[in-house]
Amino acid sequence: MLELRNVAKMVAGDYHIYPTDLAFERGTLNVLLGPTLAGKTSLMRLMAGLDRPTSGSVFFDGADVTGVRVQERNVAMVYQQFINYPALTVYENIASPLRIAGKDSASIDKAVRQAAELLKLTPYLDRTPLNLSGGQQQRTALARALVKNASLVLMDEPLANLDYKLREELREELPKIFAQSGAVFVYATTEPSEALLLGGNTATLSEGRVTQFGKTIDVYRRPADLVTAKTFADPPLNFIDVIKSGAVFRHQDVDSLPVPSHLSEIPDGAMTVAFHPHHLGLTRQTEDAAPLRAVTQISEITGSESFVHLDYNGARWIMLAAGIHEIDPDTQVDLFLDTRHLMAFGSDGRAIAVNAVA
Amino acid sequence: MQKTWNNKAWFLVLPVLVLVAFSAVIPLMTVVNYSVQDTFGNNEFFWAGTDWFLEILHSDRFWEALQRNLFFSFVILALQIPLGIFIALNMPKSGIGVPVCLVLMALPLLIPWNVVGTIWQVFGRVDIGLLGYTLRALGVDYNYVRDPLDAWITIIVMDVWHWTSLVVLLCYAGLVSIPDAYYQAAKIDGASRWSVFRYIQLPKMKRVLLIAVLLRFMDSFMIYTEPFVVTGGGPGNSTTFLSIDLVKMAVGQFDLGPAAAMSIIYFLIILLLSWIFYTVMTSSDANG
Amino acid sequence: MARITLDHIRHAYGPAPKSPKDYALREVHHEWNDGGAYALLGPSGCGKTTLLNIISGLLQPSEGRILFDGKDVTYLSTQARNIAQVFQFPVIYDTMTVYDNLAFPLRNRAVPEAEVDRRVREMLEIIDLSGWSKRKAQGLTADQKQKISLGRGLVRNDVNAILFDEPLTVIDPHMKWVLRSQLKRLHKQFGFTMVYVTHDQTEALTFADKVVVMYDGQIVQIGTPAELFERPTHTFVGYFIGSPGMNVMPARVEGSAVVVGGERIALDYSPQIGAGDRAELGIRPEFIRIGREGMPVAVNRIEDIGRRRIVRADFQGQRIAIVASEDAEIPAEPRITFDPAAINIYANSWRVGREA
């Protein structure tokens with residue numbers, strides 16, 4: 001188990017990582033989700049031992065490893081760039097960490113072939129990385145990380161430089177590969193959809209702070225605060241500032257929404273309610289849908305669905321509607337909001353109440 | 001990129017520190033020691049205080065040599081930096097021409113200083129040298145032994161021939177690191193050759209140019225071997241640079257005290273000027 | 001802006017190509033409308049970048065011609081073609097201010113300074129960077145830099161086309177939404193011809209009026225996002241577009257019915273399939289309904305990806321994916337039905353239309 005206890009990193013008087021507590025179990029996949037410069041790479045470097053924390057300590061399997069050099073920890077890293085030895089064959093690339101460890105050739109061969117099989121690299125073992133596609137190169141780098149039998153595997157946006165479809169395939173394979181190994185896996189990404197596809201646990205990061213950590217789907221469904229909800233939304237979340245009074249949310253004295261049952265208990269007052277774009281629709285899907293009116297800006301068609309960018313009394317929203325809707329700009333449209341999924345946040349950004357539907 | 005934290009790393013640096021201490025610090029201290037004393041050999045020393053320094057700073061000989069040095073460095077930089085950039089810009093970026101050019105460029109750098117001096121000393125001679133003889137045959141009144149201007153031109157041409165390659169190689173390294181997309185974008189924007197140089201190539205070469213300017217300044221300011229071999233500081237004192245004067249003083253006249261004081265002044269001037277160069281060039285980087 | 005004609009274009013990087021395998025781009029013969037937004041979509045190595053470079057003039061095709069508004073530009077240089085391009089990594093002039101970056105292409109063309117000022121200010125407004133005009137371009141974020149690259153292209157009013165080479169690669173997901181919709185709005189407003197190269201289907205579909213799907217040096221289909229989604233002409237298009245891609249399973253056509261394993265599915269037309277042809281049924285995960293009715297399936301795994309769930313199941317010995325909404329109930333013994341209108345039949349990987 002990897003534990004960060006009150007770990008912080010300061011550079012030139014500024015916090016790059018604010019004091020952070022995290023615990024990752026062995027055999028789990030842990031996603032670090034956040035935009036560029038949120039601190040994902042800094043946090044990984046602290047976990048790996050490439051950097052020493054300014055304060056706090058790092059424990060691995062109960063032992064304090066703060067300040068232990070990365071060479072002396074059993075750590076493997078996979079980067080966004082495909083890093084392989086260009087002059088060595090795929091076989092030798094995968095075997096390299098074992099050769100350094102001085103394993104005998106029979107056990108090396110066994111381990112290499114096993115990893116190659118797992119990552120579908122068996123037909124390419126005799127090739128050199130330059131004769132491989134990007135996906136194959138990155139799988140080679142992954143195989144090298146896996147074969148090392150590291151107890152901590154850190155992956156920094158490993159799929160970012162790959163084709164979309166390849167990414168999709170690897171994302172599907174990765175959780176299975178992780179499940180077969182007993183290591184702690186840490187996976188950094190900027191994409192919420194990638195975190196959801198990978199599953200496991202997710203820690204959301206924003207400006208050097210871990211804002212929430214938990215099961216990926218729980219963090220998505222039940223964000224603890226507005227920052228987490230924003231970080232973990234693609235397409236972006238929609239917001240409105242409202243004043244709750246009794247059974248209605250009032251918005252700028254121009255509109256009102258019925259308060260759904262899961263939010264009826266919260267105290268009256270000013271708050272921000274948020275919801276995902278797919279909870280807006282052009283047709284009434286459920287009993288709990290509230291009618292609204294907005295002005296269209298631009299429509300984007302994805303084949304079976306449409307993203308319609310909207311202006312709702314000055315707020316910029318996105319609606320994800322089923323079907324193909326090419327709506328002219330500056331048209332007033334009637335919408336339905338599925339209020340069962342509304343999330344309410346206080347003025348301090350903390351969640352007051354979130355999703356009723358699990 | 002942040003650095004790996006490791007205390008043991010200091011132990012790895014230790015041998016270098018010891019080496020530097022022996023090769024630089026201890027000799028430097030010896031020089032300081034000599035500079036404040038008077039000696040006639042036999043290990044007899046007399047305290048001289050700042051006398052030698054004052055003497056050097058009040059001598060015309062020193063100031064003239066310093067002026068020659070400054071002028072020489074200025075000319076060298078003014079010629080070699082633009083020429084080096086120009087050659088680097090015109091070197092091929094791909095294909096068989098690249099290794100050929102790189103090897104050709106590196107050749108002068110591989111020749112020892114004194115050999116370069118000897119080559120040019122012979123090359124420029126009016127009786128047997130190819131250059132000198134040819135110029136004579138063409139009716140040019142060229143004689144570096146007799147004419148100070150000819151001596152200067154010979155030394156400058158020699159240094160340009162010897163060292164421009166270094167500037168070329170550094171600039172070339174900077175140029176090849178520019179992604180193709182920049183050139184494409186510039187074409188699309190209708191940029192002229194000059195604009196491409198001014199707004200893409202020069203900004204991307206800035207860092208290596210800084211290194212090139214510093215190296216060439218320090219090296220040219222310390223020039224010794226080549227003029228010593230070719231002109232021996234003459235005709236008259238016209239090519240007597242600080243370094244040559246220093247050796248004359250120390251080895252020729254055995255004035256160890258004044259020579260040591262001059263060494264220190266010389267050293268401080270180089271340090272100061274290099275620092276000024278570095279500060280000026282990096283501060284413009286920070287602002288823009 | 002211009003109509004782009006690609007006249008029997010083929011390209012090989014090596015000399016003297018013989019078989020079709022030697023061509024990086026096999027044969028492209030199309031006409032793209034003035035003011036259209038086209039996306040070139042395909043995996044790496046499919047030839048999309050080769051085609052883009054041929055259009056921009058960086059590359060001359062081995063065979064064929066390229067015309068802008070009927071004028072042959074095959075041998076014209078990039079400068080002479082009057083195009084603008086936005087690259088994968090933002091290309092900006094670091095030492096210039098944002099303002100000067102935008103003014104650069106105009107000043108290079110000796111546009112009077114008053115006119116430069118007017119157009120640059122207008123462009124700053126359009127790309128939302130008015131407040132940044134005096135800033136050095138160096139310290140800006142990736143999305144701001146990409147907006148400057150775009151602005152440098154748009155500021156000229158004589159461009160024939162704007163080319164985009166995976167312009168959103170280095171942009172964070174949230175900013176991608178903003179940039180994409182701004183771009184689309186600009187296109188609606190100014191109606192320039194745009195060609196956009198990407199491997200990301202969401203970008204291609206949301207951006208383009210017409211998506212050009214490329215595979216192995218060929219164009220496999222050109223269509224609207226809806227056409228590509230509903231009627232992929234090749235199984236590759238079915239696989240490549242959509243996430244997860246289309247389910248494709250071996251089948252047997254019997255008159256107006258299709259047989260998969262032991263299940264017989266009625267169609268409202270009779271696909272014409274040759275005797276020796278390999279027949280397949282294609283159905284998108286979105287068009288399979290999971291519930292208590294229809295054909296039995298064995299569910300292997302359910303992936304909750306937030307707004308929807310992907311059900312991985314075995315159907316007649318085939319692994320299939322089904323998309324269910326986040327609120328949908330999946331019963332213990334699930335059954336599935338295919339939307340009959342969404343079934344596509346393929347013979348040797350090419351679609352057999354109901355029109356035939």
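Letters go in sequence order (proteins before strands), and every chain restarts at 1. Keep in mind that this is a model prediction, so the values were computed, not measured. FYI, side chains are in, hydrogens and waters are out, and symmetry mates aren't considered; it's all heavy atoms of this structure.
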With a 4.5 angstrom heavy-atom cut-off, could you sort out which part of [X] is near chain C: side chain, backbone, both or neither?
X	value
R316(A)	neither
T231(A)	backbone
P175(A)	neither
I301(A)	both
Q297(A)	both
S299(A)	backbone

About how many Å separate [atom2] of [Y] and [atom1] of [X], when rounded to the nearest 0.5 Å?
X	Y	atom1	atom2	result
D304(C)	R221(A)	CG	CZ	4.5 Å
Y164(A)	T198(C)	OH	OG1	10.0 Å
L320(A)	R307(C)	CG	CZ	4.5 Å
I298(A)	S181(C)	CD1	OG	7.5 Å
R301(C)	E172(A)	CZ	CD	5.5 Å
I241(C)	T302(A)	CD1	OG1	10.0 Å

Specify the closest pair of heavy atoms between [X] and [Y], including all atoms of both residues, with the distance to one decimal.
X	Y	answer
P236(A)	H174(C)	CB-CD2, 4.0 Å
D163(A)	P43(C)	OD2-CA, 2.9 Å
G306(C)	Y220(A)	CA-CE2, 3.3 Å

Residue pair R180(C), E300(A): steps toward the salt bridge (charged side-chain N to carboxylate O under 4.0 Å, His left out) verdict: CA-CA 9 Å; R180(C) 242 170 43 204; E300(A) 300 178 302; 3.2 Å; yes
Quick check: are there more than 12 heavy atoms from other residues, nucleotides or ligands sitting under 6.0 Å from [atom1] of [X]?
X	atom1	result
R319(C)	CZ	no
I302(C)	CD1	yes
R312(C)	CZ	yes
E125(C)	CD	no
Y215(C)	OH	no

Counting heavy-atom pairs under 4.5 Å to chain A, which of [options] comes out on top?
options	result
R308(C), E286(C), K188(C)	K188(C)
E166(C), E303(C), K184(C), M175(C)	K184(C)
L228(C), T206(C), L205(C), T202(C)	T206(C)

Per-residue contacts, residues 189-200 of chain A versus chain C, heavy atoms under 4.5 Å: T190(A), E191(A), P192(A), L196(A), L197(A)
Side chain, backbone, both or neither: which part of [X] has a heavy atom under 4.5 Å from chain A?
X	result
R284(C)	neither
S243(C)	both
E227(C)	neither
I305(C)	both
Y239(C)	both

Aromatic ring pairing W177(C)/F307(A), orientation class (parallel under 30°, perpendicular over 60°, tilted between): perpendicular
Top contributor to chain C contacts, counting heavy-atom pairs under 4.5 Å, from S306(A), S304(A), P35(A): S304(A)
Residue, of H309(A), E326(A), E169(A), that accumulates the most heavy atom pairs under 4.5 Å with chain C: H309(A)
Residue pair H276(A) / E326(C), side-chain donor-acceptor N/O under 3.5 Å: no
